Amino acid sequence: MIKTVLIRCIFFLSIGILVLACQENQKPRIPMPVTNLSDISLIPKPTKTIATNSAFALDQFTAIYTSKSATGFDKVGKFLAEKLKAKINLDIPVNQETTNTIDRVIYINQSDSIVLETPEAYQLYINQDSIILNANTAEGAFRGIQTLRQLVPDVSTDTLAEQKIWPVPSGKIIDSPNFGYRGAMLDVARHFFSVEDVKKYIDLLSYYKINMLHLHLSDDQGWRIEIKSWPKLTEIGGSTEVGGESGGFYTQEDYKEIVRYAQERYMTVIPEIDMPGHTNSASASYPFLNGNGKTPELYEGMRVGFSTFDTRKDTVYSFIDDVVREISEMTPGPYFHMGGDESHVTKKNDYIYFVNRVEKIVQKHGKRMIGWDEIANADIDSNAIAQWWASEENAKKAVEKNMKVIVSPAKKAYLDMQYDTLTKLGLHWAGYIPVDTAYQWTPEEYGIPMENILGTEAPLWSETITNIEELEYLAFPRVIGYSELAWSIPENRNWEDYKVRLGDQAPFLERMNVNYYPSKLIDWKKSKFTYETIEKD
Ligand code: ACM
């Protein structure tokens, strides 16, 4: 057996300086199998991968260390350890001064390197005895550990040494996102989803580097966020949902918990209060809002475009000011989404007046306004963002106003469209979206100049889905493809290559108990992981 000198390293921190205490000893290097980093099914595909055809021997003698003086890095290291524990049941110490034998290290390093200037960029250097993850920010490190999680095999190789080894293919990965805004929207208004459901969705999305969660918090069928100054919104407006179920809402504490959970995963929550249309639940709670002198019935159907606020009444704007203020105070992210879609019973001039006034309110509370593409018809300033879902004409108006655009065309990016005519869940007003159609388009060349594109978003409307299993069925696997459209550069996106990598996601999705749609277009990999609960079956 070849004997090599192993440098056994223990990293620890002394007054902010990393001290490397290395001790040399004679130890046989574990002969690792030839593995090819480029063959691992990573999604989203990294910018550059260079394989060196050996492997890092992840085992019980591995420890994680992080740049301790860098904010957030310790937490990222712990997050990685927690996820690897869940995946392979291996305990990996994080930043511990230990007397135990440590032969190999995963080092998460804060680096000011110029190539890491965008906050989410990272580099992974995987050698036989070390994995170095370089990132400028903890956010970049967090994106990097998602890649590392995907590189660790589900099952160990038990023939290389006395202990179990999980070989991580060696080489180099250089990566940064194509778009800084990579979103998913969840409609919790047509059907309500619990905090636990939303957390599970956040976990799954963040694994694929999606970094924006847009919550559609109000619509005709339900108001889902507690507003302390207007309590009937949730008491009355939160009591229903599509189909006559009992609805529900987030207390402010619930919402803060979602925000906190997302933040831990470097995901920004974008709250949406849809107005002046889509407001039946608000007007049923406070009838002065619609200005027609009538108290509307609560609504549990699926029609759109029949409700509006009274856009010429100052008290309506006082109400909106309170709502935007209370929500903005709980929202650390920079955005507030005002909806603005399908206001079919609002006169055009009233609509424009309304959007202009709401924009001022949103700005007053320190947020940048997003609205569906219709808002491009108002006289808003270029700081506002249009989310293009339906009208190319509106999207073009947004570009003329030099606004940023979120590319979310319903025909391509709506997660609630049925996969095909046989899919029981979902709608098809924008078409059927099988898994290949969802992936095979190019947001960069869809009609909006690159400099105007903020990013992409995949909305999931919930008229037809009532629980997390149904949510997952429509979202997965398509949202995984959207993550790649948003993160990876066009040169790295290719359906034939992607569909193989997607098939290899099955063990992860099964381990996470995700009820994904098993599209026949994909050759789903058989799950090989060795969890006791699953082995029993
Ligand atoms: C929308 O789908 N009404 C934005």
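Numbers here simply count residues along the sequence, with the first being 1. Whatever order the structure lists ligands and atoms in, that order sets their numbers, starting from 1. Atoms considered below: every heavy atom in the structure, side chains included; atoms not considered: hydrogens, waters and symmetry mates. These numbers were taken from a predicted model, which means no experiment stands behind them.
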Quick check for students: name every N or O atom pair between ligand 1 and the protein closer than 3.5 Å, with distances.
residue, atom, partner, partner atom, Å
ligand 1, 2 (O), Y414, OH, 2.6
ligand 1, 3 (N), D341, OD2, 2.7
ligand 1, 3 (N), E342, OE1, 3.0

* Salt bridge flag under 4.0 Å for residues D314 and R357 -> yes

* Who pairs with D373 by side chain to side chain contact (heavy atoms under 4.5 Å, CB included), at least two apart in sequence or on another chain? -> W388, W389, A390, S391, N394

* Taking the six-membered ring for Trp, are F192 and Y250 ring centroids under 6.0 Å apart? -> yes

* In plain terms, say whether D321 and K364 are close enough for a salt bridge, that is, a side-chain N and a carboxylate O under 4.0 Å apart. => yes

* Measure centre to centre between the rings of Y201 and F193, then say whether the value is under 6.0 Å. => no

* To do: Inspect the surroundings of CG in N467 and state if more than 12 heavy atoms from other residues, nucleotides or ligands are less than 6.0 Å away.
  => yes

